[in-house]
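One structure below.
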Amino acid sequence: MLFDDNGNFRIQQLFSYPEDDYEQLKKEALKCERCQLRDGCNGVVMGEGNINKRIMLIGEGPGATEDRMGRPFVGKAGQLMDKILASVNLKREDLYITNVVKCRPPNNRVPHKNEFESCVAILMAEINLINPKVIVPMGSTAANFLISPKDSITRIRGNWIQKGSIFFLPTFHPAYLLRNSKMKKYSWYDFKLIKKAADRINELSSSGK
Ligand code: URA
């Protein structure tokens, strides 16, 4: 798991990326060939969105459409995520969206341990640069990797989990919602909480906090 209870990273960064210049970070991340995932995909899919809003949505890894287009969450699951965001009056530009691994795993399998470990330096640099107040792990892979290795997403979703100064709100992965449409109502509840948090962060930042 990436974060300890104080909100610090538990994993030693093996590679270092620029943490003060997003464009430079992206340029270097796009060149990564540290694990075998890069051999089977079209390219590294970097996160995207607003790096100043201090809210991050984090998924598992790019799917086929994301791999083809080089952008996160633009396939069917991403389109559903956009609809959920819109239903609570949020847009992609109100947050930053990324994945735990940046290259598509073959047949969308769950990434292997060495793939997480090779890729995590990019995610850590994104997190250090954005300095999020809120992180939303989407789905069990992201929630288990980031905050809690054993808990099921069904049990922890919709609950704020504080680690140091970061508030985590795990929620279902939109791909899961495509297969289990009855669960969409829970996701909508979670995103209403995220919208509230986004408004609060905006208020605090306009008062200089
Ligand atoms: N699923 C993910 O976890 N990430 C994407 O970018 C697309 C689908």
Side-chain angles (χ1 to χ4, degrees), residues 1-3 7 45 47-66 69 71-101 104 108 110-111 123 126-127 130-163 165-206:
M1 132 189 139
L2 184 58
F3 285 93
V45 177
E48 65 177 37
N50 195 323
I51 58 170
N52 299 312
K53 292 290 187 178
R54 303 186 71 185
I55 300 192
M56 296 178 76
L57 263 49
I58 305 182
E60 177 173 324
T65 312
E66 289 75 20
M69 298 181 59
R71 296 182 55 205
F73 284 99
V74 288
K76 285 205 172 105
Q79 287 159 20
L80 175 58
M81 185 194 74
D82 288 345
K83 278 192 197 156
I84 299 171
L85 287 173
S87 76
V88 297
N89 222 0
L90 279 171
K91 298 184 289 298
R92 287 169 85 104
E93 306 84 79
D94 295 324
L95 11 95
Y96 184 83
I97 301 164
T98 194
N99 284 299
V100 178
V101 299
R104 183 189 181 212
N108 301 337
V110 175
L123 180 63
E126 288 173 296
I127 293 171
I130 291 167
N131 188 19
K133 287 182 187 281
V134 169
I135 294 182
V136 180
M138 293 192 290
S140 57
T141 300
N144 293 157
F145 180 73
L146 292 165
I147 51 171
S148 142
K150 299 242 164 69
D151 279 321
S152 90
I153 188 71
T154 312
R155 198 180 75 75
I156 60 175
R157 65 135 283 279
N159 291 290
W160 287 110
I161 298 167
Q162 185 177 1
K163 289 179 181 261
S165 61
I166 307 179
F167 290 83
F168 292 85
L169 189 86
T171 191
F172 290 130
H173 193 289
Y176 169 80
L177 299 173
L178 287 172
R179 301 187 302 270
N180 298 276
S181 63
K182 282 191 186 145
M183 306 308 251
K184 282 184 190 164
K185 57 179 181 282
Y186 298 106
S187 191
W188 185 59
Y189 167 88
D190 299 347
F191 275 85
K192 282 202 290 188
L193 296 178
I194 296 162
K195 166 67 174 161
K196 256 193 196 169
D199 289 346
R200 182 75 186 126
I201 292 171
N202 284 338
E203 270 169 39
L204 289 173
S205 86
S206 48

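Note that this is a predicted model, so its numbers are computed, not measured.
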Could you measure the distance from the [atom1] atom of [X] to the [atom2] atom of [Y]? Nearest 0.5 Å is fine.
| X | Y | atom1 | atom2 | result |
| --- | --- | --- | --- | --- |
| I161 | I166 | CD1 | CD1 | 12.5 Å |
| R155 | S140 | CZ | OG | 13.5 Å |
| L90 | K192 | CG | NZ | 13.0 Å |
| K163 | I135 | NZ | CD1 | 10.5 Å |

Practice item. Go through the structure and list residues passing side-chain hydrogen bond (donor to acceptor under 3.5 Å, both in side chains) with Q162, not counting sequence neighbours. Key: none
Contact check, side chains of [X] and [Y], non-hydrogen atoms, under 4.5 Å:
| X | Y | result |
| --- | --- | --- |
| V110 | E60 | yes |
| L146 | M1 | no |
| L2 | L123 | yes |
| R157 | Y186 | yes |
| T98 | L57 | no |
| V134 | F168 | no |
| I194 | L169 | yes |
| I127 | P132 | yes |

For a quick test of reading the model, state the closest non-hydrogen atom pair linking [X] to [Y] and the distance between them.
| X | Y | value |
| --- | --- | --- |
| N99 | G61 | OD1-N, 3.4 Å |
| T171 | F191 | CG2-CE1, 4.0 Å |
| A64 | R104 | N-NE, 3.4 Å |
| P174 | F73 | CG-CE2, 3.9 Å |
| N108 | P62 | OD1-O, 4.2 Å |
| G59 | A142 | O-CB, 3.9 Å |

Please confirm whether the backbone N or O of [Y] pairs with a side-chain atom of [X], one donor and one acceptor, at under 3.5 Å?
| X | Y | value |
| --- | --- | --- |
| R54 | N131 | yes |
| N50 | N52 | yes |
| E66 | G75 | yes |
| S206 | N202 | yes |

Check your understanding: What's the verdict on side-chain contact (heavy atoms from CB on, under 4.5 Å) for V136 and I58, showing C-alpha distance, side-chain angles and the deciding distance?
Key -> CA-CA 6 Å; V136 180; I58 305 182; over 6 Å; no
Exercise for review: Go through K195 and N89 one step at a time and tell me if the side-chain contact (heavy atoms from CB on, under 4.5 Å) criterion holds.
Suggested key: CA-CA 8 Å; K195 166 67 174 161; N89 222 0; 4.1 Å; yes
Check your understanding: Which pairs pass ring pair (Phe, Tyr, Trp, His ring centres under 6.0 Å) with one or both residues in residues 76-95, sequence neighbours excluded?
Key -> none
Would you give me the side-chain donor-acceptor pairs under 3.5 Å for residues 175-185, sequence neighbours excluded?
{"unit_1": "R179", "atom_1": "NH1", "unit_2": "A175", "atom_2": "O", "d": "3.4"}
{"unit_1": "N180", "atom_1": "ND2", "unit_2": "Y176", "atom_2": "O", "d": "3.0"}
{"unit_1": "K185", "atom_1": "NZ", "unit_2": "K182", "atom_2": "O", "d": "3.2"}

Practice item. May I ask you to check whether over 12 heavy atoms, not counting those of W188, lie within 6.0 Å of atom CH2? Key: no
Donor-acceptor pairs under 3.5 angstrom involving side-chain atoms of residues 76-84: please list them, not counting sequence neighbours.
{"unit_1": "Q79", "atom_1": "NE2", "unit_2": "V74", "atom_2": "O", "d": "3.4"}
{"unit_1": "D82", "atom_1": "OD1", "unit_2": "R92", "atom_2": "NH1", "d": "3.0"}

Review point. What class does the angle between the rings of W160 and F167 fall in, given that below 30° is parallel, 30 to 60° is tilted and above 60° is perpendicular?
Key: perpendicular
Review point. For K53, which residues count as a salt bridge (charged side-chain N to carboxylate O under 4.0 Å, His left out) partner, sequence neighbours excluded?
Key: none
Point to revise | side chain to side chain contact (heavy atoms under 4.5 Å, CB included) partners of A143, counting only residues at least two apart | key: P137, I153, I156, P170
Review point. Y96 and E126: side-chain donor and acceptor closer than 3.5 Å?
Key: yes
Review point. Would T141 and V100 count as a side-chain contact (heavy atoms from CB on, under 4.5 Å) if you check the C-alpha gap in whole Å, the side-chain angles of each, and the deciding distance to 0.1 Å?
Key: CA-CA 8 Å; T141 300; V100 178; 5.6 Å; no
